[in-house]
Amino acid sequence: QVQLVESGGGLVQAGGSLRLSCAASRRTFNTYDTGWFRQAPGKEREFVAAISWSGSRTYYADSVKGRFTISRDNAKNTVYLQMNSLKPEDTALYYCAADFARSLSDYEGNYDYWGQGTQVTVSS
């Protein structure tokens, strides 16, 4: 079992930046691909970005490409999501998730472990 804890959310003005962190309870997290998803009020959860276990490959949703950067520090059992040029439509609860099968997927059904989420609110 891997426990994931997200942090770094908050309230920011449009055009601003935030960095989210996803800290894992076990070192085995370093062998999992990891993804970020988000869910806005009244909407379904959607894929944001994913990173391979080694950090060598990344994958982004078109809506965040060029603005968000996913990275990881396996020495710290942590994955990050740097969010720049934030827009009001980025407002959502952001979740990180770990994929044991290493599919680097945008499909949430491929992810085995999920955090509780951190709220990001972007004001206009």
Side-chain angles (χ1 to χ4, degrees):
Q1 189 79 1
V2 176
Q3 292 184 329
L4 304 177
V5 179
E6 302 94 337
S7 61
L11 174 64
V12 64
Q13 288 189 331
S17 299
L18 283 173
R19 188 177 80 156
L20 306 184
S21 298
C22 172
S25 61
R26 300 187 63 173
R27 187 163 295 278
T28 50
F29 175 70
N30 300 338
T31 63
Y32 290 53
D33 288 356
T34 305
W36 285 95
F37 290 77
R38 67 186 181 186
Q39 187 168 22
K43 295 187 177 181
E44 293 189 351
R45 190 156 56 186
E46 65 175 5
F47 170 75
V48 176
I51 188 167
S52 62
W53 66 274
S54 66
S56 62
R57 293 180 297 143
T58 57
Y59 176 32
Y60 296 93
D62 288 343
S63 59
V64 306
K65 203 172 294 183
R67 299 188 299 123
F68 291 9
T69 302
I70 189 170
S71 63
R72 69 189 304 154
D73 184 344
N74 283 345
K76 296 181 178 180
N77 294 349
T78 302
V79 169
Y80 304 98
L81 185 67
Q82 178 66 45
M83 306 186 296
N84 299 328
S85 302
L86 282 161
K87 304 175 181 180
E89 52 263 43
D90 294 318
T91 295
L93 187 61
Y94 282 71
Y95 300 89
C96 69
D99 171 16
F100 178 73
R102 303 186 188 177
S103 58
L104 201 65
S105 172
D106 59 3
Y107 175 53
E108 64 178 83
N110 284 359
Y111 290 81
D112 304 287
Y113 302 107
W114 292 81
Q116 294 299 308
T118 184
Q119 178 67 40
V120 171
T121 303
V122 184
S123 63
S124 58

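Index from 1, following the sequence.
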Compile the donor-acceptor pairs under 3.5 Å between side chains in residues 95-108 and protein atoms, sequence neighbours left out, one pair per line.
unit_1, atom_1, unit_2, atom_2, d
Asp99, OD1, Ala101, N, 3.0
Asp99, OD1, Arg102, N, 3.4
Asp99, OD2, Ser103, N, 2.7
Asp99, OD2, Ser103, OG, 2.5
Arg102, NE, Thr31, O, 2.9
Ser103, OG, Asn110, ND2, 3.3
Ser105, OG, Tyr107, N, 2.8
Ser105, OG, Asn110, ND2, 3.1
Asp106, OD2, Tyr59, OH, 2.9
Glu108, OE2, Arg45, NH2, 3.1

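Cation-pi contact between Arg38 and Phe47: absent, since separation from the ring centre below 6.0 Å together with deviation from the ring axis within 45° is not met.
Rounding to the nearest 0.5 Å places CD of Gln13 at 9.5 Å from OG of Ser124. Considering OG1 of Thr91 and CD of Gln119, their distance stands at 7.5 Å, rounded to 0.5 Å. Here OG1 of Thr34 is found 12.5 Å from OH of Tyr113. Values are rounded to the nearest 0.5 Å. Asp33 CG to Trp53 CH2: the interatomic distance, rounded to the nearest 0.5 Å, is 9.5 Å. With rounding to the nearest 0.5 angstrom, the CD atom of Glu89 is 9.0 Å from the OG atom of Ser63. With rounding to the nearest 0.5 Å, the separation of CG in Leu4 from OG in Ser21 is 12.5 Å.
The side-chain heavy atoms of Gln116 and Val5, taken from C-beta on, include no pair separated by under 4.5 Å. Within the 4.5 Å cutoff, no side-chain heavy atoms of Ile51 are placed close to those of Trp36. Between Thr118 and Leu93, the closest side-chain pair of non-hydrogen atoms is not below 4.5 Å. Residues Asn84 and Phe68 have side chains not in contact (no heavy-atom distance under 4.5 Å, counting atoms from C-beta outward). The shortest side-chain heavy-atom distance between Asn30 and Thr28 does not fall under the 4.5 Å cut-off. You'll find the side chain of Met83 reaches within 4.5 Å of the side chain of Leu20, heavy atoms only.
As a member of the Ile/Leu/Val/Met/Phe/Trp/Tyr network built from side-chain separations under 4.5 Å, Tyr80 groups with nothing else and remains a singleton.
In terms of heavy atoms, Ser25 sits closest to Gln1 at OG-O, 4.5 Å. Taking every heavy atom of both residues into account, Ser56 and Ser52 meet most closely at N-OG, 3.2 Å.
Taking the six-membered ring for Trp and thresholds of 30 and 60 degrees, Phe37 and Tyr111 have ring planes more than 60 degrees apart, a perpendicular arrangement.
In the hydrophobic clustering of ILVMFWY residues, with side-chain heavy atoms under 4.5 Å counting as a link, Leu81 and Val12 come out together.
Judged by distance alone, with hydrogens and angles left aside, the side-chain atoms of Gln82 form no donor-acceptor pair with the main-chain N or O of Arg19 at under 3.5 Å. Side-chain N or O atoms of Thr78 include one that pairs as donor or acceptor with a backbone N or O of Lys76 at under 3.5 Å.
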Practice prompt. Go through the steps for Val48 and Tyr94 under the test side-chain contact (heavy atoms from CB on, under 4.5 Å), then give the verdict.
Written response: CA-CA 9 Å; Val48 176; Tyr94 282 71; 4.3 Å; yes
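For Arg67, the salt bridge (charged side-chain N to carboxylate O under 4.0 Å, His left out) partners are Asp90, not counting sequence neighbours.
Heavy atoms of other residues, nucleotides or ligands lying less than 6.0 angstrom from CD of Gln3 number 12 at most.
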